[in-house]
Every structure is written in structure tokens, then in C-alpha cells.
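These notes are about the structure you will find just below.
Per chain, numbering begins at 1; letters A, B, ... match sequence-line order.
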There are 2 protein chains.
Amino acid sequence: MAIPALDPFQVIADPSRRQILQLLSKNSLTINSLAENFDMSRPAVSKHIKILDSAGFISIQNIGRERYCILKQDGFNELQEWINYFDGFWLSKLQKLEALMNKKISEHQNK
Amino acid sequence: MAIPALDPFQVIADPSRRQILQLLSKNSLTINSLAENFDMSRPAVSKHIKILDSAGFISIQNIGRERYCILKQDGFNELQEWINYFDGFWLSKLQKLEALMNKKISEHQNK
DNA sequence: ATAATATGTAACTTAAAAGTTACACAAACT
DNA sequence: AGTTTGTGTAACTTTTAAGTTACATATTAT
């Protein structure tokens with residue numbers, strides 16, 4: 001059976017995970033130093049890290065006993081495509097409106 | 001106390017809701033005609049509609065006893081901004097890499 | 001060698017999300 | 001007026017997600 005890959009939309013639905021990504025956009029950080037930014041326990045953060053990692057939002061580099069978390073683009077791609085699709089939708093709606101207006105204007109001028 | 005506004009990330013985390021948005025990007029549809037596209041019960045779809053509506057992803061126009069669902073941009077804005085932020089991050093990473101390469105190249109040439 | 005540090009993981013609890021069925025009600029046919 | 005249709009909502013169940021504590025393990029420092 002196919003491995004049920006993590007749904008990136010599900011992954012970023014959690015505010016803590018979004019905040020982790022936010023923090024990592026400033027600096028690469030170890031799991032403990034990340035955890036200092038949160039009220040929740042260290043194992044909870046550790047879980048989020050695992051999820052972000054397996055969904056391709058971050059990569060992890062082991063340095064001795066420390067694990068540095070680094071932002072990674074892969075996880076973002078599907079989200080971006082999704083947003084782009086709807087962007088296109090709004091854009092084409094605008095373009096239709098524009099075309100309609102141009103038509104109205106030229107009709108007006110030809111009176 | 002502040003009204004706990006729906007988190008748009010949470011809203012689109014559900015695959016059914018994303019599919020609803022997808023369908024509505026093709027046509028505006030009534031709730032029943034939307035429900036025909038799903039295995040779940042009509043009330044379940046109705047619930048999703050309510051969520052999408054209150055999060056600003058759709059608007060609803062009542063025509064007699066029917067309710068037409070229409071895609072609305074508002075709900076998408078926060079998502080878009082979020083994605084844009086990280087887009088900027090990747091872009092600036094690329095630019096830094098480019099700058100580094102240019103430096104290396106000019107160092108090489110000055111040997 | 002021992003202690004401290006950075007981390008993973010298992011077992012459990014709690015809370016929230018998504019679905020169901022059953023029922024209510026207003027609009028539209030006949 | 002009575003029936004059908006389109007919809008909302010309440011009450012409930014089930015599933016899943018997120019958190020906790022407790023413990024295990026490997027690396028580093030003393």
C-alpha cells in the first residue's frame with residue numbers, strides 16, 4: 001500500500017509549526033533553542049520538528065549531539081502551486097472585467 | 001473578549017474544503033449540487049460551507065430556497081501573504097548565493 | 001568514570017474535528 | 001392545502017491531533 005504522505009496543508013495548519021518555520025527563516029536553530037520560544041514541552045516541539053522534516057519543510061543537520069533545523073523549500077511547493085492556481089482565478093476575473101469595461105467604453109464612443 | 005476568528009490555514013487543511021473551492025473555481029454552485037460531488041452526507045457539506053463562508057473564502061447568494069456559493073478572495077489573502085514571505089526568503093537566499101559566486105569569480109580573475 | 005546535556009520515543013490524556021442521523025422550516029410545485 | 005425540495009441545526013459518535021510525563025540513549029564535559 002502507498003505510504004500516506006503528509007499533507008502539507010495539514011502540516012502548516014498548526015500555528016506552532018508555522019511559528020517554527022518563521023523562526024527558522026531568521027536563523028537555523030537546534031531543537032532545544034527552538035523549544036525555548038514556546039510554552040509547550042520540549043518533546044512536543046520535537047514532534048513538530050519530526051513532522052516538518054518528513055513533510056520536507058526543513059532538513060536537519062546533526063552536529064555532535066545537537067540537531068540543527070534548516071528551512072527547506074520542498075514542503076512549500078505544493079502550497080505555492082495551490083495559491084497560484086487561485087491567483088490565476090482572480091486575475092482572469094479581473095481581466096474579464098477589464099475586457100467588459102473596454103467593450104462598454106467603445107460602445108459608448110460609437111454612439 | 002475577541003471573537004476567535006477562523007484560522008484560514010486550518011480552514012484549508014481539510015481536503016474536502018479544498019475540493020469545494022476547486023469546484024467553485026469552475027462554477028458557482030448551490031449547496032446540494034456541491035454535495036453531489038462528495039461521498040459524505042449533505043449536512044457535512046453544509047458544515048464545510050459554513051466554515052468557508054465565515055472564513056471569507058466564499059460568499060453566499062440566496063435565490064429562493066437555493067443558496068449559491070461563490071468564490072471570494074478575502075480568505076485567500078492571509079495565505080498568500082504567508083507564502084509570499086517565504087518566497088522572499090528563498091529568493092534572497094538565491095541572491096546571496098549569486099553574490100557569493102560573483103565574488104568568487106572576481107577573486108579568481110584577480111589572481 | 002561520572003555527570004550533564006541534547007535528544008528520541010512510548011504510553012497516556014484531552015480536546016477538537018468531521019462525520020452521522022434525525023428533525024425543523026421555508027420556498028415552490030400540484 | 002398538501003407535497004416536495006433545499007437547506008439549517010442539534011445531538012451524538014468516532015477519529016485524530018496535540019499535548020503531557022517518564023524513560024532511554026548518545027555525546028560532551030569534568
Distance col, row Phe89(B):CZ vs Asp87(B):CG, nearest 0.5 angstrom, shows 11.5 Å

When Ser41(A) and Tyr68(B) are each assigned the nearest nucleotide of DNA chain D, the 5'-most assignment goes to Tyr68(B)

Pick the nucleotide of DNA chain C nearest each of Glu66(A) and Lys47(A); which residue has the one closer to the 5' end? Glu66(A)

Whole angstrom is fine here: how far is it from CD1 in Ile20(A) over to P in dA18(D)? 11 Å

Show the nearest heavy-atom pair for residues Ala13(A) and Gln10(B), with the distance to one decimal. O-OE1, 3.4 Å

Separation of atom CG in Asp14(B) from atom P in dT16(D), rounded to whole Å: 13 Å

For Lys50(B), answer base if it contacts any base atom (sugar-phosphate contacts may also be present), sugar-phosphate if it contacts only those atoms, and nothing otherwise; contact means non-hydrogen atoms under 4.0 Å. sugar-phosphate

OP1 or OP2 of dA17(D) sitting under 4.0 Å from any side-chain N/O of His48(A)? no

Using heavy atoms and a sub-4.0 Å distance, could you list which residues of residues 52-60 of chain A are near DNA chain D? By number, please. none

Could you report the tightest heavy-atom contact between Cys69(A) and Leu24(A), atom names first, then the distance? O-CD2, 3.5 Å

I need the CZ-C1' distance between Arg42(A) and dA24(D), as an integer number of Å. 11 Å

Using atom CD1 of Ile49(A) as one end and atom C1' of dA18(D) as the other, report the distance to the nearest whole Å. 15 Å

In terms of hydrophobic clustering (I, L, V, M, F, W, Y; side-chain heavy atoms under 4.5 Å; direct or indirect links), are Tyr68(A) and Leu21(A) co-clustered? no

Does Arg17(A) use its side chain to pair, donor to acceptor, with the backbone of Ile12(A) at less than 3.5 Å? no

Exactly one of Leu34(B), Leu71(B), Asn37(B) should register a side-chain contact (heavy atoms from CB on, under 4.5 Å) with Ile20(B). Which one does? Leu34(B)

Grab the CG-P distance between Asp7(A) and dT16(D) for me, whole Å please. 14 Å

Any donor and acceptor pair, going by atom type alone, linking the side chain of Asn27(B) with main-chain N or O of Leu29(B) inside 3.5 Å? no

Scan nucleotides 26-30 of chain D against the protein and return all N/O pairs shorter than 3.5 Å with their distances rounded to 0.1 Å.
unit_1	atom_1	unit_2	atom_2	d
dT27(D)	O2	Arg65(A)	NH1	2.8

Calculate the interatomic distance between Gln19(A) atom CD and dA18(D) atom C1'; express it in whole Å. 16 Å

Need two values: the first and the last nucleotide of DNA chain C, 5' to 3', having an atom under 4.0 Å from any heavy-atom of chain B. dA17(C) to dA28(C)

Any Ser46(B) side-chain N or O less than 4.0 Å from OP1/OP2 of dG8(D): yes

Go through residues 23-40 of chain B and report each residue with a non-hydrogen atom lying under 4.0 Å from DNA chain C, sorted by number. Met40(B)

Tell me every residue that passes ring-ring contact (aromatic ring centres under 6.0 Å, His included) with Phe9(A), counting only those two or more places apart in sequence or in another chain. Trp82(A)

Nearest heavy atoms of Ile31(B) and Val45(B), plus distance in Å: O-CG1, 4.3 Å

Nearest heavy-atom neighbours spanning Ser25(A) and Tyr85(B): OG-OH, 2.7 Å

Is any NZ, NE, NH1 or NH2 atom of the basic residue among Asp14(A) and Lys47(A) found under 4.0 Å from an Asp or Glu carboxylate oxygen of the other? no

Taking all non-hydrogen atoms of both residues into account, name the closest pair between Phe86(A) and Gln22(B) and its distance. CZ-N, 4.0 Å

What is the minimum heavy-atom distance between Pro8(A) and Gly75(A), and which atoms define it? CB-O, 3.9 Å

How would you list all residue pairs meeting side-chain hydrogen bond (donor to acceptor under 3.5 Å, both in side chains) that involve residues 52-66 of chain B, not counting sequence neighbours? Asn62(B)-Arg67(B)

